[in-house]
*Asks:* 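Provided herewith is a single structure, encoded as structure tokens, for subsequent inquiry.
Atoms within a ligand are numbered from 1 in the order they appear, just like the ligands themselves. Sequence positions, counted from 1, serve as the residue numbers for this chain. Note that the structure is a prediction, hence the values are computed from the model and not measured.
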Amino acid sequence: MGSKNEERHYKIAVIPGDGTGPEVIAEGVKVLEAASQRYGFKLDFVKYDFGGERYLKTGETLPDSVLEELKTFDAIYLGAIGHPDVPPGVLERGILLKIRFELDQYINLRPVKLYPGVWTPLKDKEPQDIDFVVVRENTEGLYCGAGGFLRKGTSQEVAVQESINTRYGVERCIRFAFEYTRKRAKDKRLTLCGKTNVLTYAFNLWERVFNEVAKEYPDITTDYAHVDATCMWMVKNPEWFDVIVTDNMFGDIITDLGAMIQGGMGIAAGGNLNPQGVSMFEPIGGSAPKYTGKNVINPLAAISAGMMMLEYLGEEEAAGKIESAVMEVTGKKLKSLAAGKMGYSTTQVGDMVAEYTALDKISLP
Ligand code: IPM
Ligand code: MN
């Protein structure tokens with residue numbers, strides 16, 4: 001998947017965003033810089049101030065001209081979007097979803113991995129039991145904004161919200177998932193998560209495409225689970241999963257459950273990928289307004305998003321080193337992943353990860 005460019009010089013657009021976004025992104029940048037020094041590649045960061053504050057001041061979410069500019073970068077590194085004074089949907093649709101859709105980032109990749117020393121609410125589950133990846137379709141389904149009102153505001157009001165599933169969109173997502181499962185080479189098992197018993201049009205298409213594409217991947221074991229059952233298995237037997245592929249809405253829901261079983265929003269990261277274009281990497285937790293400016297939020301999710309970005313850019317060795325550094329910190333240092341309960345500040349956690357990333361070998365006292 002890596003697309004290492006020859007000069008190993010990468011231009012990164014940074015959108016720290018709202019709330020604790022800037023604090024965690026600062027730690028992520030710190031770690032990325034340590035990695036670039038240690039592994040000999042170059043990173044240029046260009047910062048953009050889009051988010052709730054800017055919207056409240058100027059009424060602007062993300063101008064089309066900037067969208068064009070974003071297309072010239074090697075990757076985008078995003079903090080968090082969401083502001084308590086801005087009505088729900090404005091920033092999500094105007095910034096986050098706009099980038100995902102306009103840059104055609106059709107895959108949302110969300111690893112669910114329990115690191116050493118991290119508390120999981122699942123009793124008796126260990127790091128080896130919780131290690132799978134969700135491939136979420138990221139440009140279609142219920143997120144298209146297709147639908148509307150009839151007789152709005154009356155007692156006969158009708159609201160329609162349609163799930164759009166195209167053969168093209170479903171197929172490219174499923175193909176990505178098969179390729180990813182092969183490359184990941186863990187159990188080589190891909191599970192389609194759907195709802196074929198009720199959503200008999202949308203998931204019928206998904207199922208047919210899945211079975212068709214599967215024929216080209218005899219080395220991959222395929223499996224199917226309804227979305228409700230997927231939730232059940234994620235809690236009861238997460239070790240059964242290797243890679244899960246699903247639509248936009250189900251992927252959104254099951255990856256929050258995934259984030260919880262891997263230790264919470266302090267650690268969960270994701271990539272919005274356009275394998276032929278510009279991809280964006282983000283911690284999946286929100287802007288956490290109540291912790292803003294207190295230096296208590298956990299930066300590991302943002303650091304992990306940065307790690308995914310390097311891996312995607314082809315700097316796999318550096319990415320691996322950051323992951324080992326994160327594991328050292330979760331395994332041997334942090335008391336908890338929760339904001340304010342880590343036993344360290346945001347900046348101290350970033351310092352530790354950066355320091356271990358820069359070492360030749362990690363060896364902690
Ligand atoms: C996510 C978020 C977004 C989504 C919101 C903020 C629009 O929940 O990245 O999972 O629903 O995709
Ligand atoms: Mn979500």
*Asks:* Any side-chain donor paired with an acceptor under 3.5 Å for Asp242 and Thr181?
*Replies:* no
*Asks:* Cut-off 3.5 Å, side chains only: do Thr166 and Glu140 have a donor facing an acceptor?
*Replies:*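 Glu140 and Thr166 do have a side-chain donor-acceptor pair below 3.5 Å.
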*Asks:* Checking one value in my table: which N/O/S atom of Asp252 lies closest to the Mn ion (ligand 2)?
*Replies:*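 Looking only at N, O and S atoms of Asp252, the one nearest the Mn ion (ligand 2) is named OD1.
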*Asks:* Is it true that the side chains of Tyr217 and Glu179 contain a donor and an acceptor less than 3.5 Å apart?
*Replies:*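 Yes, because at least one side-chain N or O of Tyr217 sits under 3.5 Å from a partner of the opposite role on Glu179.
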*Asks:* Taking Lys195 first and then Asp228, would you say they form a salt bridge - that is, a charged N and a carboxylate O separated by under 4.0 Å?
*Replies:* yes
*Asks:* Ring centres under 6.0 Å, that's the criterion: do Phe250 and Phe203 meet it?
*Replies:* yes
*Asks:* Which residue from Arg136, Glu282, Arg100, Met249 reaches closest to atom 9 (O) of ligand 1 through any of its heavy atoms?
*Replies:* Arg100
*Asks:* Is a donor from one side chain sitting under 3.5 angstrom from an acceptor on the other, for Thr196 and Tyr224?
*Replies:* yes
*Asks:* Would you mind listing which atoms of ligand 1 come within a distance below 4.0 Å of any non-hydrogen atom of Glu92?
*Replies:*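 Numbered from 1, ligand 1 contributes 6 (C), 7 (C).
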*Asks:* Consider every N or O of Asp252 and every N or O of ligand 1, then say whether any pair is closer than 3.5 Å.
*Replies:*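 Asp252 vs ligand 1: N/O contact under 3.5 Å present.
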*Asks:* Among protein heavy atoms, which lies nearest atom 1 (C) of ligand 1, and at what distance?
*Replies:* Arg110 NH2, 3.3 Å
*Asks:* Who's the nearest protein heavy-atom neighbour of atom 5 (C) of ligand 1, and how far?
*Replies:* Leu96 CD2, 4.2 Å
*Asks:* So which protein heavy atom does atom 11 (O) of ligand 1 come closest to, and at what separation?
*Replies:* Tyr143 OH, 2.6 Å
